[in-house]
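Just so we're clear, the structure is a prediction, and the values are computed from it rather than from any experiment. To find a chain, count down the sequence lines: A is the first, B the second, and so on, and within it residues start at 1. We use all heavy atoms of the structure for the numbers below, so side chains are in, but hydrogens, waters and symmetry mates are not.
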Amino acid sequence: MIYGVFFLALKPARTRIAPSPTGHMHLGTARVALYDYLLAKKTGGQFILRIEDTDLKRNVPGSEQGIFDGLRWLGLQYDEGPDVGGKYGPYRQTERREIYSQHARILVANGSAYPCFCSTDQLEKTKQEQMKRKENPHYDGTCRDMDPDEAARRMAGGQAYTIRFRMPKEGTTIAHDHLRGDIVTENKQLNDYVLLKSDGLPTYHLAAIVDDHEMEITHVLRGSEWLGTFPLHVNIVRAFGWEEPIWIHLSVFLKPSGKGKMSKRETAAAVKDGYSIFIKDLDELGFTPEGFLNWSALMGWGVAEDDVMNLDQMMDRFNIDHLTSSPAAINFQKLDHFNATHIRLFSTEGLAGRIKPYFIREGLTVDDEVLLKIVPLLRERLVTLDDCLSFGSFFFMEDVIPNPDDLIAKGLDAKQSAAIARRMYEILLAQPDISHESCEPPLRIYVEESGLSANQVFGILRVATTGQKVSPPLFESMEIIGREKCLGRVLKAIEILEKL
RNA sequence: GCCCCCAUCGUCUAGUGGCCCAGGACGAAGCCCUCUCAAGGCUUAAACCGGGAUUCGAAUUCCCGUGGGGGCACCA
């Protein structure tokens, strides 16, 4: 038994993320992809991207590219996929038509499926009647027992048809989910679902099952919205006589209030607050792949402690047995926390590289030497990367324009503040350089002598040199700004104060 | 309406019959540190949905409620 578990753990897993290119890639897809990636990499297996584009009407141009880009941005590089190839391709379902119709024919031949000639109008009509009679809407079975010869005749005659799965009418289906155990469903609850549409393309039910088998997927991780058709899928696998993968139905995400799923409105509201569930928005909002991944990993995966992890650490610790099945409310404050925590973990060079684009996007000219010097000052202050702007833009500006009111120290007036500024100017001028080692001690002595608080005195200097009331540590900042600029800015501040 | 899933602090979770008067993290409150803002350190408040049953013993097993979520397409 012990050995069995041991070998099971080592068996390479093949996992896949199978999104439909119908819109922007979002949190839910990213989390499944993460778990897929972790499981595959941990076991030395492969992580695959498959595009499920069989609903031609819903496909959105550009959305497939968004999936490629999103996965790469997250650092979840797939081993096989439409744009990277692989020996189980093609990886786009619309390019696999022939495979599905072949398999549909196999099911028809072995009696597990049958052609259906009912029109959508007819179907809609019976549905309405069933609802009127307060029955559950279901396919009424008109073509289920049609004579095969007649069916063949109609098909030959060019009549449009679909292929439906022949669900057992009696007994129960036991489907096993790794997290939830056996899920028992009475077969009479199940419908004769369409497998192959009249346009010749498969529905999800056929396509996913066939592809997972053909691509030798060992673990199917998907959202719990598939639980309803889970028994169907299990029946299809069995009708083919195939071995089932390990099924894992993950929990769904609830909106922050915990009541229901994220709607369009909440999604838009989140962006207004500086958050998003769309991967494409994350970079602009200042989130890092590390922070985002860590955050999303922990909604649905329980770790006892030490919850800050990078991809490698997640891989070490990941285990499908620790996945949770209850719905999780999205908590953006926690996203902030993980983002800030990972930012603090970045190296100076690493963080410099991450924040530079934000300064540039703002139209600032970035001196790399200065950038490297300010990173240690900014690091523990950033929640999102774009916070570097409010904390560090002034380092790259020729001049700062302080708000005159901000130059006046608390409890004092403009005249008094000007006098203090002048005195500080004299002290700074007398120092050999602008280093914090040279400047801080004499200014501390001055604070002592003046009977004022450090807060009051240094506050004036902060606003004068940085142009803002909140900044990284004053003396270290001044050192980076440089002697000439600092002295000039103090002089200018005195001027402003004296005019008030 | 029918079917399925889920149920521990406000939130994410640990917990697989005694180690639990329930642990961690976010958030909150307080204190310390402090030139602002942070970061950091320390501390506090905060939960086993309800009711039965099994058991010497239940957050953990079973049943019934209740609440929440998902599904009932020629969409995925």
Side-chain angles (χ1 to χ4, degrees), chain A residues 18-20 22 52-55 57-58 116 118-120 123-124 127 131 134-139 160-164 175 177 179-180 183-186 189-191 193-199 201-205 207-208 222-231 249 251-252 254 256-261 295 298-308 321-322 324-338 340-341 344 377-383 387 390-391 440 443-444 447 453-463 466 468-475:
Chain A
S20 291
T22 53
E52 309 221 322
D53 55 353
T54 55
D55 187 350
K57 295 180 293 294
R58 295 209 313 154
C116 169
C118 299
S119 69
T120 41
L123 259 18
E124 185 56 31
K127 189 175 163 185
M131 303 233 284
K134 294 203 193 287
E135 284 174 24
N136 288 330
H138 63 279
Y139 178 62
Y161 66 95
T162 62
I163 301 291
R164 284 182 185 273
D177 176 275
L179 260 29
R180 301 160 201 260
I183 294 167
V184 184
T185 313
E186 289 191 57
Q189 301 293 343
L190 272 12
N191 211 344
Y193 285 89
V194 168
L195 261 24
L196 205 66
K197 299 181 275 187
S198 56
D199 65 0
L201 282 166
T203 58
Y204 172 90
H205 309 122
R222 34 139 70 157
S224 65
E225 65 268 21
W226 292 111
L227 238 25
T229 43
F230 183 27
H249 292 88
S251 61
V252 292
L254 270 25
S257 66
K259 306 251 181 221
K261 292 208 286 188
W295 174 66
L298 261 19
M299 286 187 286
W301 168 17
V303 295
E305 51 205 26
D306 296 332
D307 58 1
V308 175
D321 294 336
H322 295 156
T324 60
S325 52
S326 48
I330 293 172
N331 182 347
F332 287 119
Q333 283 176 318
K334 212 158 181 171
L335 206 210
D336 279 341
H337 162 73
F338 280 114
T341 304
R344 271 178 254 129
L377 263 35
L378 301 188
R379 185 156 31 211
E380 66 250 36
R381 278 163 249 270
L382 305 183
V383 172
D387 288 342
S390 59
F391 279 110
E440 187 165 352
L443 284 171
R444 290 267 174 207
V447 169
S453 72
N455 200 338
Q456 289 173 302
V457 176
F458 295 157
I460 297 170
L461 192 54
R462 178 189 317 282
V463 175
T466 70
Q468 46 196 60
K469 286 162 83 173
V470 174
S471 81
L474 179 58
F475 298 102

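Pair assignment for C72(B) gives G1(B), based on Watson-Crick or G-U wobble hydrogen-bonding distances that are each under 3.5 Å. Across every strand in view, U66(B) sits in a pair with A7(B) that passes the Watson-Crick or G-U test at under 3.5 angstrom. Under the Watson-Crick or G-U wobble criterion, with both distances below 3.5 Å, C35(B) has no partner in any strand shown. Nucleotide C19(B) is matched to nothing when pairs are restricted to Watson-Crick or G-U wobble geometry with both distances under 3.5 angstrom. A53(B) is paired with U61(B) under the Watson-Crick or G-U wobble criterion, all donor-acceptor distances under 3.5 Å.
Other residues, nucleotides and ligands contribute more than 12 heavy atoms inside 6.0 Å of the CZ atom of Phe332(A).
Remark: Phe458(A) engages Phe475(A) in a ring pair (Phe, Tyr, Trp, His ring centres under 6.0 Å) (not counting sequence neighbours). Listed by chain and number, the residues in a salt bridge (Lys or Arg N to Asp or Glu O under 4.0 Å) with Glu225(A) amount to none (sequence neighbours excluded). Checked against side chain to side chain donor-acceptor pair (under 3.5 Å), Arg444(A) has the following partners two or more places apart in sequence or in another chain: Glu440(A). With sequence neighbours excluded, the residues satisfying salt bridge (Lys or Arg N to Asp or Glu O under 4.0 Å) with Asp55(A) are Lys57(A), Arg58(A). Residues forming a side chain to side chain donor-acceptor pair (under 3.5 Å) with Glu305(A) (at least two apart in sequence, or on another chain): none. A search for side chain to side chain contact (heavy atoms under 4.5 Å, CB included) contacts involving His337(A) returns Thr341(A), not counting sequence neighbours. Qualifying side chain to side chain donor-acceptor pair (under 3.5 Å) partners for Glu135(A), counting only residues two or more places apart in sequence or in other chains: Arg133(A). Asp387(A) pairs by the side chain to side chain donor-acceptor pair (under 3.5 Å) definition with Thr384(A), not counting sequence neighbours. Residues passing the salt bridge (Lys or Arg N to Asp or Glu O under 4.0 Å) test with Lys469(A) are Asp406(A), sequence neighbours excluded.
For G15(B) and C35(B), the P atoms lie 45 Å apart once the distance is rounded to whole Å. C19(B) and C26(B) have their P atoms separated by 27 Å, given to the nearest Å. Spacing between A22(B) and A46(B) at atom P, rounded to whole Å, works out to 10 Å. Distance noted for atom P between A38(B) and A76(B): 50 Å (whole Å). Rounded to whole Å, the separation between the C1' atoms of A28(B) and G67(B) comes to 26 Å. Using C1' as the reference atom, C6(B) and G65(B) are 16 Å apart when rounded to the nearest Å. Atom name C1', nucleotides U8(B) and G50(B): the rounded distance is 15 Å, in whole Å. Here, C2(B) and A47(B) have their P atoms 37 Å apart, quoted to the whole Å.
Taking atom NE2 of residue His337(A) and atom P of nucleotide G24(B), one finds them 15 Å apart after rounding to whole Å. Taking atom CZ on Phe332(A) and atom C1' on C12(B), their separation rounds to 14 Å, with Å as the unit. Between the CH2 atom of Trp301(A) and the P atom of G15(B) there is a distance of 13 Å, given to the nearest Å. Rounded to a whole Å, the CH2 atom of Trp295(A) is 12 Å from the C1' atom of U11(B). Atom NZ in Lys261(A) sits roughly 11 Å away from atom P in G69(B) (whole-Å rounding). With rounding to whole Å, Asp307(A) atom CG is found 12 Å from G24(B) atom P.
Nucleic acid contact class of Gly223(A) (heavy atoms, under 4.0 Å, all strands): none. Residue Val308(A) is classed as having no contact, given no heavy-atom separation below 4.0 Å to the nucleic acid.
Side-chain atoms of Ser224(A) and Arg180(A), non-hydrogen and from C-beta on, do get closer than 4.5 Å to each other.
Comparing Ile330(A) and Leu335(A) against RNA chain B, the residue whose closest nucleotide sits nearer the 5' end is Ile330(A). Nucleotides of RNA chain B nearest to Lys334(A) and Ser257(A) differ in position, and the one nearer the 5' end is that of Ser257(A).
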Once base and sugar-phosphate atoms are separated, protein heavy atoms under 4.0 Å mark nucleotides 28-48 of chain B, 5' to 3', with B, S and - as -------BBBBSS--------

Grab the N/O contacts between the protein and nucleotides 72-76 of chain B below 3.5 Å, and write none if there aren't any.
residue : atom : partner   : partner atom : Å
C74(B)  : O2   : Ser198(A) : N            : 2.8
C74(B)  : O2   : Ser198(A) : OG           : 2.8
C74(B)  : N3   : Ser198(A) : OG           : 3.1
C74(B)  : N4   : Cys118(A) : O            : 3.0
C75(B)  : OP2  : Lys197(A) : NZ           : 3.4
C75(B)  : O2'  : Asp55(A)  : OD2          : 2.8
C75(B)  : O2'  : Arg58(A)  : NE           : 3.2
C75(B)  : O2'  : Arg58(A)  : NH2          : 3.4
A76(B)  : OP1  : Thr54(A)  : OG1          : 2.8
A76(B)  : OP1  : Lys197(A) : NZ           : 3.0
A76(B)  : OP2  : Tyr204(A) : N            : 3.1
A76(B)  : O4'  : Arg58(A)  : NH2          : 3.4
A76(B)  : O3'  : Ser20(A)  : OG           : 2.6
A76(B)  : O3'  : Glu52(A)  : OE1          : 3.3
A76(B)  : O2'  : Ser20(A)  : OG           : 2.8

Every protein N/O within reach of nucleotides 5-8 of chain B N/O, cut-off under 3.5 Å:
residue : atom : partner   : partner atom : Å
C5(B)   : O2'  : Arg180(A) : NH1          : 2.2

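Classification of the His205(A)-Trp226(A) ring pair by plane angle, with boundaries at 30° and 60°, yields perpendicular.
In this structure, the side chain of Glu52(A) does not engage the main chain of Ala207(A) through any donor-acceptor pair within 3.5 Å.
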